[in-house]
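Predicted, not measured: the structure shown is a model, and the values here were computed from it. Sequence lines set the chain letters: A, B, ... in the order given, protein chains first and strands last, and positions in each chain run from 1. Reckoned from all heavy atoms, side chains included, excluding hydrogens, waters and symmetry mates.
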Protein chains: 4
Amino acid sequence: MASQVARKKIRPAVRTPTLGRGHARVAALKAAGAAVFAEKGYDAATMTEVAAKAGAAIGSLYQFFPTKELLAASLHEDLLAELSRMLEEVRRENAGRPLTALADRLFAGLADFLLRNPAFTALADRRDIDRKRKRATRAQLRGQIAALLAQATPPLAPGKAETVAIVILQLMKAVVSLNGEDASIRETVVPELKRMLQLYLESVGGE
Amino acid sequence: MASQVARKKIRPAVRTPTLGRGHARVAALKAAGAAVFAEKGYDAATMTEVAAKAGAAIGSLYQFFPTKELLAASLHEDLLAELSRMLEEVRRENAGRPLTALADRLFAGLADFLLRNPAFTALADRRDIDRKRKRATRAQLRGQIAALLAQATPPLAPGKAETVAIVILQLMKAVVSLNGEDASIRETVVPELKRMLQLYLESVGGE
Amino acid sequence: MASQVARKKIRPAVRTPTLGRGHARVAALKAAGAAVFAEKGYDAATMTEVAAKAGAAIGSLYQFFPTKELLAASLHEDLLAELSRMLEEVRRENAGRPLTALADRLFAGLADFLLRNPAFTALADRRDIDRKRKRATRAQLRGQIAALLAQATPPLAPGKAETVAIVILQLMKAVVSLNGEDASIRETVVPELKRMLQLYLESVGGE
Amino acid sequence: MASQVARKKIRPAVRTPTLGRGHARVAALKAAGAAVFAEKGYDAATMTEVAAKAGAAIGSLYQFFPTKELLAASLHEDLLAELSRMLEEVRRENAGRPLTALADRLFAGLADFLLRNPAFTALADRRDIDRKRKRATRAQLRGQIAALLAQATPPLAPGKAETVAIVILQLMKAVVSLNGEDASIRETVVPELKRMLQLYLESVGGE
DNA sequence: TATGAATGAGAGTTCATTCAT
DNA sequence: CATGAATGAACTCTCATTCAT
């Protein structure tokens, strides 16, 4: 066969299946990937384990995701899109409400999303992704949240909205990271974080 | 990479050198380890690279740290000890001051420590360390901070102090994670996080 | 890459299509195969790439050529046949002419053929084909060329003709291999090789 | 361990052993590499087979030759150097002799070298090496042979010497390629090729 | 018959760890 | 103790080939 050597690498891309059965496969592979990445983190995750968990042969996995990196990227994109949809929905349903109410809803939505998709955290925190991509991704997320916050009544100034978006995102990470703790700690601290945010927002919104 | 298997596991203990020369060696190895772990993360770090960066032979590294895991643990312990010393110092020098002042000083100290010791974050966040060890470590850190906060004037209730300690720690992580961002973002958001904390502490301390 | 193993080996035979459509398919596949083999060599060539270049599905390629080996063999045969036709034509049109004129014509014909069919070289040089097949193929080619040379005026002795055929063939390879070189080199050296051959033939023919 | 992923690839280089026993290993590995490359060609050769033939573990092979490519390159360089030494020796010992004698000696030396080092042919003919490297290598070889020829009595004009060098080299390839043939063929044709060269050189030298 | 998904042996390569010198 | 060579399991990825649709 062709040299096993690293060949030209013509920028391989995720292959979209053309046949029906392929779609199910791809879905299973993605699910398995998400599970493994979530459990072990990107580095410690193994393509072999992903394939096994999906009940597929290793070659099948590679048919659709030509590299581990691409599998991760694809997963990340999917999750990002879902998150984006969720944010848009929150925006639609809560436009015009006061800032604190907005933040409450947003907080709940984010927490729900992150808890249901632990792979997102694992993939977003990777230290070895393209700086640009990382930056772009964050900018998009922040932008969307800022836009959401800007629709409060009274409205937040755009610059302020961006800052507040970042603050909220950071608090979200805190909430998520508390997930590894005892329930008693979680149940004590999470409400405090929320309360802290509310205090902060009141001070911000009243400006 | 899915942990390269540890072939055998007899004798798991960091060897403490007896001679002065040994101490220098160990120090160099630790410094190199910290640098590499900080730069690449635990998984992607390589024992070979650590040894090389320390100007030592790979065998020499293993003489003192029989396992990658043990090197990380040793490093982590060292940093924890240093952090502990720092916290104790803050406590000594600020006992009796109001809560907000305490928090300010603590915040500054923590930020300084974490920025000077990026390896700490890399090692503390590892997903694959002994759950127990992790828990114990956190408990110790939180306890120390809680003790510090309990010495405010007026004093915080012990239970409350523990909660606040966690909140502060989480905010610290946020500050640290903002380090990868543009300076402009950092300079806008970090003060806001501080302000948020102050608002929170005022509400807590006034109880 | 150390031949990817042929899993099973039942039914090894090129399927000949019955319909017109099939013929077009096969032709496209062969053309693609020739192109890929010529560009990358047998080992580095990929069945997938061949199919892609032919605009066919991989399954379609295997329908007609159950093995990479068989595709190569089929191609090789085709080219050999074409070469044979060409030699026959040269023989017909030049019978009775002096040896040097014959050689000139032969040289031109061979060069033209090899330059138009780079796959021939790629396939003929394979180190891993059946020794017997290789030998037989060469014998045929040499025989045909010897027969051609034997028709010169004055005629060459049969044994001598065989030897001269080999010499000519070797010189042809040289000409072909010079194709990767700068034009200036090619244009200087190729005429010299021809001149050398003429000198040699004069010495041979005058015996 | 560190990501199994293709990392930065900091231009790895062949490692020279520092300890005595390493030298023996490296020699064995090179010998095995030469044997396998010669037998199967670069593509079909396997690092595993090379290691096995050297009686070494695969990791040992990679300790000194971080890639298959580098092993091949190192081997090629060695052989080139040996060839170069041989040519220099021929030059030293035959300066001033007539062109035909020179060529005779050169021919014998080259044939001997190539027959003793079949890996050279396998490695020099690789289709996938850097065009520049290939060109440079050939230029060097030709230059050295041309220099040798220029020392004939009477001397060859430099431009002509370069051309003749190429002609000789091409004839050498022919000789080598005849090695796969029956002894009877080889013994008939090789002398003819030599005779052809002599005729050519007489015509060239007499200009 | 055409299509493309599925398969899995095998290739190149890495790195934690051991051990002779 | 120091050194660096030796080891080999495990990893990512490829591709000839098969087979369900």
- Query: Does OP1 or OP2 of F:dG4 have a side-chain N or O of D:Arg15 closer than 4.0 Å?
  - Reply: no
- Query: Of all residues at least two apart in sequence or in a different chain, which pass the side-chain contact (heavy atoms from CB on, under 4.5 Å) check with C:Asp130?
  - Reply: C:Lys132, C:Arg133
- Task: On DNA chain F, check which nucleotide each of B:Ile58 and C:Thr48 is closest to and give me the residue with the more 5' one.
- Result: B:Ile58
- Item | Watson-Crick and G-U pairing of DNA chain F written in dot-bracket, each distance under 3.5 angstrom, with | for inter-strand partners | .||||||||||||||||||||
- Nearest to side-chain heavy atoms of C:Arg25, which nucleotide of E:dT17, E:dT3, F:dA16: E:dT3
- Task: Please report, rounded to the nearest Å, how far the P atom of F:dT14 is from the CD atom of C:Glu49.
- Result: 14 Å
- Query: Is D:Gln63 near enough to F:dA6 that one of its side-chain N or O atoms lies under 4.0 angstrom from OP1 or OP2?
  - Reply: no
- Message: Reading DNA chain E from 5' onward, which residue's closest nucleotide shows up sooner: A:Ala57 or C:Ala57?
- Response: C:Ala57
- Item | D:Tyr62 side chain near E:dT14 phosphate (N/O to OP1/OP2, under 4.0 Å) | no
- Message: From the set F:dC1, F:dC13, F:dT12, return the single nucleotide nearest to any side-chain atom of A:Thr67.
- Response: F:dC13
- Query: Out of F:dC15, E:dA11, F:dA2, which nucleotide sits closest to the side chain of D:Thr46?
  - Reply: E:dA11
- Phosphate OP1/OP2 of F:dA5 contacted by D:Ser60 side-chain N/O (<4.0 Å): no
- Query: When you match D:Gly59 and D:Pro17 each to their closest nucleotide on DNA chain F, which lands nearer the 5' end?
  - Reply: D:Pro17
